Undergrad: 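Once you've had a glance at the structure underneath, I'll fire off some questions.
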2 protein chains.
Amino acid sequence: MEKEITIYDIARELSISPTTVSRGLNNHPAVNKSTKQKIFDAAAQMGYRSNAFASNLRKKRTNTIGVIVPLLNSNFQSSVMAGMEKVANEAGYNLIISQSLENAQKEIANARTMFESRVDGLLVSVAYDTENIDHFEPFFSKGIPLLFYDRVPEHKQCTSIVINNIQAAHKATTHLLEQGCQRIIHISGNHRINVYKDRLKGYKYALMDHNIASREDYIIETDLSEKAGEEAVQKILEMDPRPDGIFVANDNCAVSCIKALKQAGIAIPDDIAVVGFNNDPITRIIEPNLTSVNYPGYEMGEVAVRSLINYLDGVSDVSITNTITLNSELVVRESSQKKEKAKARLA
Amino acid sequence: MEKEITIYDIARELSISPTTVSRGLNNHPAVNKSTKQKIFDAAAQMGYRSNAFASNLRKKRTNTIGVIVPLLNSNFQSSVMAGMEKVANEAGYNLIISQSLENAQKEIANARTMFESRVDGLLVSVAYDTENIDHFEPFFSKGIPLLFYDRVPEHKQCTSIVINNIQAAHKATTHLLEQGCQRIIHISGNHRINVYKDRLKGYKYALMDHNIASREDYIIETDLSEKAGEEAVQKILEMDPRPDGIFVANDNCAVSCIKALKQAGIAIPDDIAVVGFNNDPITRIIEPNLTSVNYPGYEMGEVAVRSLINYLDGVSDVSITNTITLNSELVVRESSQKKEKAKARLA
DNA sequence: TTGTATGCGTTATCAA
DNA sequence: TTGATAACGCATACAA
């Protein structure tokens, strides 16, 4: 391990003060052009690299953004990360990423680590079983900006970036109704989580708006896994009269439903129409292609980091306590478009 | 922004020296049990948090691992990230992640950032158009461990974690041959990249081992995108005699091929059998389900970080200059299993 | 078992 | 436009 070059070495080399070297390297306006040039040249020639720790220690700023995500390996979350990384990188911020693995205890530990790492700001999508957000209290009390996205806590007033899940689910359900569906199942995720709670609401509101009473046995709460899809289909097939539409709260589970339904000899969409949520690439692979709500993950990541950085730079005047809602739209594909005769039969 | 508590504050509070506080917090053995307890209690009560920068500045170590990845939002890479994060987190390391976006220039910039961030070690999967690895020279000369995974450079002797792509491709091609295929196309990625180069080799070797001459027009070099799959299929359908097997270097493109083939009325696998690479979840969604080489991304991520940390801790004696090869196996599904009569017809 | 003194590399403050 | 000095918070060599 050879010796690291410091601004003192450069200063000595050029017979100027370390202060001037520091200023020169940081492009301070009050430094003579030619001096600045000499400094840059010497730095490059001597193989200098700035020491971020010394700088951070002094400036009390890390240029680092923390991210706590439930699971990295999902299409949605990895798209979000990609968007976040792009903006952060362009703005000169580092991204420290950790996963809670859908476990509140891990999330608490991660939050502590992020706090100790002194991130300038934190982006969080909460774990499946996170009950409260006390573990983020240190961030609030220290005034470190904290921004939730996608899975956001309900009870606290905190900045969050979301889509309008109620509206999106309302559209999805309405679409099924317009296709002639009369007995629509909703396969939902954990109702404690805002996104699934809201999707359920949107489903109910849509039924209500069409003067259809929602039935408890038509609402199936699951973990949205593949297995859950198969099990839900079993239940559905035993119902009499048989449901004619399913709105599933994510694509993975919706695809699993379609596979199970096809195996049981059910025609999709004519016997049962299916709509998913997320617009993952698999929607275009399953047959029939899955109608789904487009969820702009990449864009959400971009917006999240941009908002945070704007706040850190003091650019955004708006209070940090608010909600940013991204647009989402229903992408209609074959899995939900009943043929006219099917519609007629149902009518 | 209230004042941060430091070890000096704790020391003053307890009327002991900062040195003892520092030792106590770090669980130094030579500190009185009760003193230690007092220190911990005071720290907790006063809301102390250690300052990693001051500590790093002193220790010249960051407990941070850098990762440069081509694109975050692919099934394979996000699985790798998930595995990396898990191990790093458990070992108390932070992960700084950046994407090259398949662009050598970005990769160079990222490498510089990682270097300036003084990561303890770096994990890299190189970009599509990375021609050389001069930009990692600073790491080599400073003795910072650098470990390549998946996409590894060829010309330099450097530590890398890979699967045996030649062997895997050999198995895949042999499987097609055993199904009775006689005219097997290989849709490949950029030949400059080790993984695609090796898969091509494995394909050629397998043909050779069955005394079949490989034909240049049967090897289609693409970017493995969906579009590339469609275009390749157009070419294939114009060939006379028509090929009866396709080995594609990734699943995404393989799925796109299957879709295009089906649209053209080709029966899979009986007219043309298809094998992919990666064993992405989509292999189980496309119909027929896609035969593919299982590529253990999560495991690769775990192994990569574990190796790096072992080296950093001085646990592993083995030279850092070597190669770790993970196992991979062929997962046979419907897309390649010709029915007996199809096999017979071909025989 | 505890304490004193010092340095890690940078930047803010004040002065020139 | 430049410089001297101190401070950021911690960990360690050395001393007690």
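Each chain gets a letter, A, B and so on, in the order its sequence line appears, and its residues count up from 1. All of these numbers come straight from a predicted model, not from anything done at the bench.
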Undergrad: Looking at A:R12 and A:D9, is there a salt bridge between them, counting it only when a charged N and a carboxylate O are closer than 4.0 Å?
TA: yes

Undergrad: For A:R49 and C:dG9, give me the distance from atom CZ to atom C1', rounded to whole Å.
TA: 13 Å

Undergrad: Is the distance between the ring centroids of A:F40 and A:Y48 less than 6.0 Å?
TA: no

Undergrad: Can you find a side chain N or O atom of B:K59 that sits less than 4.0 Å from OP1 or OP2 on D:dT12?
TA: no

Undergrad: From NZ of B:K38 over to C1' of C:dT1, roughly how many Å is that when rounded to an integer?
TA: 13 Å

Undergrad: Report which part of the nucleic acid B:Y8 touches: base, sugar-phosphate, or nothing (heavy-atom distance under 4.0 Å, all strands).
TA: base

Undergrad: State which of D:dT1, D:dG9, D:dA13 makes the closest approach to the side chain of A:N32.
TA: D:dT1

Undergrad: Check every atom of D:dG3, C:dC8, D:dA7 against the side chain of B:R58 and return the nucleotide holding the closest atom.
TA: C:dC8

Undergrad: Check the distance between C:dG7's C1' and A:D9's CG and give it to me in whole angstrom.
TA: 15 Å

Undergrad: Answer yes or no: does a side-chain N or O of A:T35 lie under 4.0 Å from OP1 or OP2 of D:dT2?
TA: yes

Undergrad: Could you work out which one of D:dG3, D:dA6, C:dG7 sits closest to the side chain of A:R23?
TA: D:dG3

Undergrad: Expressed in angstrom and rounded to an integer, what is the separation of A:N51 atom CG from C:dC8 atom P?
TA: 11 Å

Undergrad: Give the rounded distance in Å between these two atoms: CG of A:L14 and C1' of D:dT2.
TA: 14 Å

Undergrad: Please pick, from D:dT2, D:dG9, D:dA11, the nucleotide with the shortest atom-to-atom distance to any side-chain atom of A:L57.
TA: D:dG9

Undergrad: Output the single nucleotide from D:dC10, C:dG9, D:dA13 whose closest atom is nearest the side chain of B:T19.
TA: D:dA13

Undergrad: Report the distance from atom CG of A:N56 to atom P of C:dT11, rounded to the nearest whole Å.
TA: 10 Å

Undergrad: Pick base, sugar-phosphate or nothing for B:S22, based on heavy-atom distances below 4.0 Å to the nucleic acid.
TA: base

Undergrad: Decide whether B:T62 and B:D120 meet the rule of one side-chain donor and one side-chain acceptor closer than 3.5 Å.
TA: yes

Undergrad: Among C:dG7, C:dT10, C:dT4, which nucleotide sits nearest the side chain of B:S17?
TA: C:dT4

Undergrad: Nearest of C:dT2, D:dC10, D:dT1 to any side-chain atom of B:A54?
TA: D:dC10

Undergrad: May I ask you to say whether A:E4 pairs ionically with B:R118, meaning some side-chain N is under 4.0 Å from a carboxylate O?
TA: yes

Undergrad: Rounded to the nearest Å, what distance is computed from the CZ atom of residue B:R118 to the P atom of nucleotide C:dC8?
TA: 13 Å

Undergrad: Give a yes/no on whether any side-chain N or O of A:K36 is located under 4.0 angstrom from OP1 or OP2 of D:dT1.
TA: no

Undergrad: So, A:R112 and A:E116, do they make that salt bridge, N to O below 4.0 Å?
TA: no

Undergrad: Of A:H28 and B:F53, whose closest DNA chain D nucleotide lies nearer the 5' terminus?
TA: A:H28

Undergrad: Could you tell me which residues satisfy side-chain hydrogen bond (donor to acceptor under 3.5 Å, both in side chains) with A:R151, sequence neighbours excluded, listed by chain and number?
TA: A:E102

Undergrad: I need the CD1-C1' distance between B:I16 and C:dT4, as an integer number of Å.
TA: 15 Å

Undergrad: Looking only at the side chain of B:N26 (C-beta and beyond, no hydrogens), which of the listed nucleotides D:dA11, D:dG3, C:dA12 gets closest?
TA: D:dA11

Undergrad: Considering heavy-atom distances to DNA chain C, does B:P29 or A:S55 have its closest nucleotide positioned more toward the 5' end?
TA: B:P29

Undergrad: For the side chain of B:Y48, starting at C-beta, report the closest nucleotide among D:dC10, D:dT5, C:dG3.
TA: D:dC10

